[in-house]
Amino acid sequence: MSRRQGDTGHERQSAYKVSAEPRMEHVPRGKPAKAGPYRQADFVVIGGGSAGVAAAMRAASHGASVILVERDRIGGTCVNRGCIPKKMLSYGASLASILSGCLAHTGGREDWNDAITRVTAEMARLHASYKQRLQEAGVQLLHGEASVVSPGFVQVGNETLQAWRTLIATGSRPTALPVPGGELAATSDDVFGWTGVPASLAVVGGGYIAVEMASILSRYGVKVDLLVRGPRLLENFDETIATALGEALRAKGVRLHFNTDVTMLSQSNGATEVCYRQRDGADPQHVHSLRVQAVLAAIGREPVLDTLGLDALDVARAESGNLRVDRQFRTSVRGLHAIGDVIDCPQLTPVAIAQGRWLADRLFARSSERPDFDVVPTAVFSEPAVGSVGMTEAQAVQAAGSAARIGVSLRRFVSLESRFAGSTIPSLIKIIYNARSQRVLGIHILDNAAPEIVQAMAVAIRLGLRLSHLETTVRLHPSVAEELFGPV
Ligand SMILES: Cc1cc2nc3c(=O)[nH]c(=O)nc-3n(C[C@H](O)[C@H](O)[C@H](O)COP(=O)(O)OP(=O)(O)OC[C@H]3O[C@@H](n4cnc5c(N)ncnc54)[C@H](O)[C@@H]3O)c2cc1C
């Protein structure tokens, strides 16, 4: 089918505007028409990460000719520097945790180098699989760094691409630590290339990446100090769960420092000194210091936009510095779309993928049922893990205008997995519901099974789950999930 089938009047007009050439006729799948000096396509996607690959494959499945430009390894952050290597290392870490409880005499430690070897092998398998799937879908993969020359024209090395639609899916990168000596700190990008682990590590940050890194690395035998600017971990997650996770991490040997401002890093005698102030200490001006073998900064992420040449196009930015888009992922420049970590949205792989597929459906096919971007399940792959979907208690109270309108069910128990490993660290299940209608508004779980449970519960919440549904559903025993349904 031709790209025009997805046109709205607005888009048809912009298609004429962006193209200096006559409009392209229908282009057979995978074989873009050549016209003039340009390589043409219906859709040029910049960035071969979660968002870009999803959009490119879906557009190609609708018959669009697609060029996907990637300057680095295919798969982006998720495959190379994020979800996949992190999750594999966390499997190793939780295995280490169980082993160290059961087989105290062996130390039960996972070996970092062995784990990294397995992670690297999985990445290589994924790179090959992505390339094969893109080829089978008819997407042309172009290796190089892309910049947007003018609406509809993308430069990659010596080659100019002309597209009916251009998609920016260039993702995000770690924010550098803005203090003297900040360049001494590693970031999460570096960790997956480490050939060994440091004996001691200061992790700066309190978000999910900082918490995951602190938890995983401590299970690989690293002595970890976690320096958090705020008064608690995971400020976007439910407070009860975040506090309990903090206690669990402490019990597993991670040292937590809240209300800290890191002021400087310096290096001497092979160690890094971290200077910081503690706002809630006896003397908030007193500068504390910590000597560690390495520092990891995980204080946030910023969009990758600097080499795209967007300033010349005057593309509107949000306050955060991300690209501003409307509900249909259109930037302020006609014909130029943006999705994934470069826009204001939860920075998660499935969100990026859902945006990419939906945008491609809307542009290249008529079908376009918008995914529900409000109910997004999310996890922290710490040990124990956190799974969360829907509103936190604080969000629900704020939305309802009064705590009296909100009900909370909190279950605390020690899981069989923990008992088997000889641990009494409690798991938690917290259900937030509307006190009158009993409709479930949010579910937050602290347990290694949490991520798997909340994925399924996201469907139930979208379908209008009420407490009575939980009470009348027969349980699966023995499981962590059955604790959702009340005391066993
Ligand atoms: C440590 C860590 C752990 C994470 N864990 C999870 C998790 O467990 N679950 C989850 O859902 N999400 C997780 N995320 C978030 C997830 O990885 C991102 O939200 C997701 O990868 C964003 O996809 P994207 O396509 O927007 O960007 P990316 O995946 O970053 O892809 C962008 C691509 O664009 C390329 N690029 C940039 N500029 C150019 C250019 N000018 N020309 C050509 N190519 C260019 C880059 O090389 C990159 O490959 C994690 C992230 C990190 C950092």
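Side chains are part of it too, since the values below use all heavy atoms of this structure and drop only hydrogens, waters and symmetry mates. In each ligand, atom 1 is the first atom listed, and ligand 1 is the first ligand listed.
Side chain to side chain, S415 and S418 meet the donor-acceptor criterion of an N or O pair below 3.5 Å. Inspection of the E136 and Q132 side chains reveals an N or O donor paired with an N or O acceptor under 3.5 Å.
Which parts of ligand 1 touch L308 is read off a 4.0 Å heavy-atom cut-off, strictly below it: atoms 41 (N). Shown in contact with P350 at under 4.0 Å from a heavy atom are these atoms of ligand 1, numbered in order with element: 11 (O). Proximity to G340 (heavy-atom distance under 4.0 Å) selects the following atoms of ligand 1: 26 (O). Under a 4.0 Å criterion applied to the non-hydrogen atoms of A146, ligand 1 contributes the atoms 40 (C), 41 (N), 42 (N), 43 (C). Under a 4.0 Å criterion applied to the non-hydrogen atoms of G49, ligand 1 contributes the atoms 25 (O), 29 (O), 31 (O), 33 (C).
Neither the backbone nor the side chain of V342 has a heavy atom within less than 4.0 Å of ligand 1. At a 4.0 Å heavy-atom cut-off, ligand 1 touches I209 through the side chain alone. In I46, the part holding a heavy atom less than 4.0 Å from any atom of ligand 1 is the side chain. Proximity of T349 to ligand 1, defined as any heavy-atom pair under 4.0 Å, is shared by backbone and side chain alike.
Checked against R81 for a salt bridge (charged side-chain N to carboxylate O under 4.0 Å, His left out), the options D72, D190, D341 give a single hit: D72. When each of V315, L310, V333 is tested with V148 by the rule side chain to side chain contact (heavy atoms under 4.5 Å, CB included), just one qualifies, namely L310.
Of the options Q155, E70, R173, the smallest heavy-atom separation from atom 47 (O) of ligand 1 is shown by E70. Of the candidates V53, L68, T77, it is T77 that places a heavy atom closest to atom 29 (O) of ligand 1. When the options Q347, E145, E212, R81 are ranked by their closest heavy atom to atom 1 (C) of ligand 1, first place goes to R81.
The aromatic rings of Y38 and F153 stand perpendicular to each other, their planes meeting at an angle above 60°, with 30° marking the opposite boundary.
The shortest N or O to N or O distance between G75 and ligand 1 is not below 3.5 Å. Taking only nitrogen or oxygen atoms, main chain and side chain alike, S188 does not reach within less than 3.5 Å of ligand 1. At a 3.5 angstrom cut-off on N or O pairs, D72 does not count as close to ligand 1.
R301 counts as a contact of ligand 1, since one of its heavy atoms falls under 4.0 Å from the ligand. Heavy-atom separations between G144 and ligand 1 include at least one value shorter than 4.0 Å.
Closest of all the heavy-atom pairs between Q347 and S172 is OE1-OG, 4.0 Å. D238 approaches E393 most closely through the heavy-atom pair OD1-N, 2.8 Å.
A centroid separation of 6.0 Å or more is found between the aromatic rings of Y208 and F237.
Side-chain contact between H127 and N80 is present, with at least one heavy-atom pair separated by less than 4.5 Å. Between L336 and I168 the shortest side-chain heavy-atom distance falls below 4.5 Å.
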